[in-house]
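Inspection log for the structure reproduced underneath, given as structure tokens.
Labels below follow one simple rule: chain letters A, B, ... track the order of the sequence lines, proteins then strands, and each chain is numbered from 1.
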Number of protein chains: 2
Amino acid sequence: MLKKTNRISLVDQVVSQMENLIENGHWSIGDKVPPEMELMEEFGVSRNTLREAIHALVHAGLLETKQGSGTIVRSSSSLEAAMHRYIEKSDLLETLEVRLALEKEAAQLAAKRRSEEDINKLHASIKQCQDAAERGAMEDFIKADITFHKNMVRAANNKLLQDLYEHMTDPLYSSIRDIMLMDNQFDYNKEIHSELLDAIRHQDIDGATKYVDAYINEFKKRL
Amino acid sequence: MLKKTNRISLVDQVVSQMENLIENGHWSIGDKVPPEMELMEEFGVSRNTLREAIHALVHAGLLETKQGSGTIVRSSSSLEAAMHRYIEKSDLLETLEVRLALEKEAAQLAAKRRSEEDINKLHASIKQCQDAAERGAMEDFIKADITFHKNMVRAANNKLLQDLYEHMTDPLYSSIRDIMLMDNQFDYNKEIHSELLDAIRHQDIDGATKYVDAYINEFKKRL
DNA sequence: ATGTACCAATCATCCTACAAATTTGGAGTG
DNA sequence: CACTCCAAATTTGTAGGATGATTGGTACAT
């Protein structure tokens with residue numbers, strides 16, 4: 001008899017089902033989920049059981065309830081929510097430090113593993129940076145720049161690295177923006193990383209490493 | 001109109017209070033928490049409310065309930081629990097890759113910021129490694145080695161970096177152990193990082209970087 | 001000593017009822 | 001017709017009670 005605690009509580013079963021619905025996109029971010037009464041019938045559980053499941057997901061950061069209005073999907077990953085909460089309470093410099101460390105590793109891995117598609121995406125991001133720079137559109141430039149960095153991390157082909165980087169970057173967006181906006185001698189050209197793209201394209205790991213080290217040092221000076 | 005929903009639900013209030021009790025160590029890991037009836041009175045809420053709060057923490061990984069027995073404290077950080085869940089599902093190599101990247105950064109920061117106390121702790125860990133090596137006690141050696149690495153990361157004086165590293169290392173323990181045990185030409189001396197300690201002691205950042213690069217490459221070869 | 005039967009404590013699930021917040025639709029007014 | 005205001009319907013929040021299931025221990029018979 002190897003039934004090793006096969007019993008999974010009803011609440012956990014409902015939680016798992018709802019997690020799947022969210023992860024698979026059947027319930028998308030921002031969507032309003034069906035009201036408790038409907039879900040009770042759909043899952044075949046009582047209101048208390050259902051409510052405990054919903055609240056577990058609320059506390060995990062996946063859902064958000066509003067009395068009188070309904071329940072909406074807020075995030076699709078509990079790691080994301082936990083990271084956001086943690087980073088809210090963390091020191092900005094510490095977070096940037098870790099983020100830059102991840103970025104450095106990503107640059108090296110990207111140089112090693114990038115696909116043709118990665119190159120295309122990186123190229124497109126740089127193009128957007130240049131366009132914004134010519135128009136002097138600072139806000140657009142920052143967005144395009146961040147997209148470039150994210151695409152580089154994607155090219156590293158490591159899901160954990162990518163998730164950590166993105167979950168760390170998103171809550172920092174306004175801080176990063178402020179840092180770049182406050183620099184009154186800001187030089188667009190310095191921020192356009194076409195040399196880095198070349199190094200990644202030619203799978204020149206040393207070149208990529210050197211370039212990343214250089215711009216990270218440049219960035220740290222501004223802090 | 002900045003009325004930003006000042007109302008915090010009772011459940012959330014109870015959750016917060018219990019989180020604090022856990023974080024502050026009033027409820028330590030492994031402890032059995034009071035039964036529902038007592039907590040109901042203590043927090044002054046109904047059974048359902050209390051149960052929803054407990055289940056939120058169960059799902060977050062901080063508590064664990066056993067029907068008929070009671071509820072115990074399982075972990076003290078929701079980031080830890082979320083990371084563990086994520087890493088369970090992740091690829092071992094990807095996780096090791098990120099972990100080594102964090103370690104590399106930590107070595108450089110440690111060389112910059114280490115305190116005297118850090119040096120003492122690192123020294124103590126190396127001593128334990130040596131003792132275990134002389135006795136040929138492989139298991140003890142691995143534990144001491146991991147402690148050395150953790151102490152190095154602590155010396156980097158960055159809480160986020162430390163938390164990520166430790167939450168990544170703990171679930172990997174058995175894998176790391178297997179990798180080291182499987183190496184039949186295992187050389188204790190190669191694994192004793194006294195040169196690294198010297199570099200950190202003398203705040204020789206380049207030296208620390210080179211040493212870490214070397215042993216990380218060595219480690220990667222074994223995979 | 002060992003195994004069985006029983007009991008108490010505790011969590012799991014379900015139910016009903018009411019409160020509070022929000023949305024919606026309709027009555028009333030200009 | 002357009003607008004305001006209010007009441008009803010909808011939806012989540014909180015409370016309390018009832019019953020079942022699981023666990024851990026105890027007492028008893030063998």
Sequence-distant partners of [X], salt bridge (Lys or Arg N to Asp or Glu O under 4.0 Å), two or more places apart:
X      : value
A:D91  : none
A:E166 : A:R154
B:K32  : none
B:E23  : none

Inset, instruction - Verify the contact: side-chain N or O of A:T71 to OP1 or OP2 of D:dT12, cut-off strictly under 4.0 Å; return yes or no. - result: yes
Inset, instruction - State whether A:T65 places a side-chain N or O below 4.0 Å from either non-bridging phosphate oxygen (OP1 or OP2) of D:dG13. - result: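 Yes, because at least one side-chain N or O of A:T65 sits under 4.0 Å from OP1 or OP2 of D:dG13.
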Euclidean distance, atom [atom1] of residue [X] to atom [atom2] of [N] [Å, nearest integer]:
X     : N      : atom1 : atom2 : answer
A:E64 : D:dG13 : CD    : P     : 11 Å
A:Q13 : C:dA12 : CD    : C1'   : 12 Å
A:L10 : D:dA21 : CG    : C1'   : 12 Å
A:Q67 : C:dA20 : CD    : C1'   : 4 Å
B:I72 : D:dT23 : CD1   : C1'   : 14 Å

What residues, two or more places apart in sequence or in another chain, satisfy side-chain contact (heavy atoms from CB on, under 4.5 Å) together with [X]?
X     : answer
B:A82 : A:L79, A:A82, B:R85
A:L63 : A:I22, A:V33, A:I54, A:L57, A:V58, A:T71, A:V73
B:D31 : B:S28

Inset, instruction - Using heavy atoms and a sub-4.0 Å distance, could you list which residues of residues 26-43 of chain B are near DNA chain D? By number, please. - result: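 The stretch gives none, as no residue of it lies under 4.0 Å from the strand.
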Legend entry - Check ion pair A:E52-B:R51 (N to O, under 4.0 angstrom): yes
Inset, instruction - Would you mind checking if B:D131 and B:K127 are paired as a salt bridge, meaning a charged N to carboxylate O distance below 4.0 Å? - result: yes
Inset, instruction - Note down the inter-axis angle between the two ends of the helix from C:dA1-D:dT30 to C:dG30-D:dC1, five pairs each, to the nearest 10°. - result: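 Inter-axis angle at the ends, rounded: 10°.
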Inset, instruction - For A:F148, enumerate each residue passing the ring pair (Phe, Tyr, Trp, His ring centres under 6.0 Å) test, keeping only those at least two apart in sequence or located in another chain. - result: A:H193
Legend entry - Close residues, residues 45-56 of chain A, relative to DNA chain C [heavy-atom separation under 4.0 Å]: A:V45, A:S46, A:R47, A:N48, A:T49
Would you be so kind as to tabulate the donor-acceptor pairs closer than 3.5 Å made by side chains of residues 171-180 of chain A, with sequence neighbours excluded?
from: A:R177; atom 1: NE; to: A:E139; atom 2: OE1; distance (Å): 3.0
from: A:R177; atom 1: NE; to: A:E139; atom 2: OE2; distance (Å): 3.1
from: A:R177; atom 1: NH2; to: A:E139; atom 2: OE2; distance (Å): 2.9

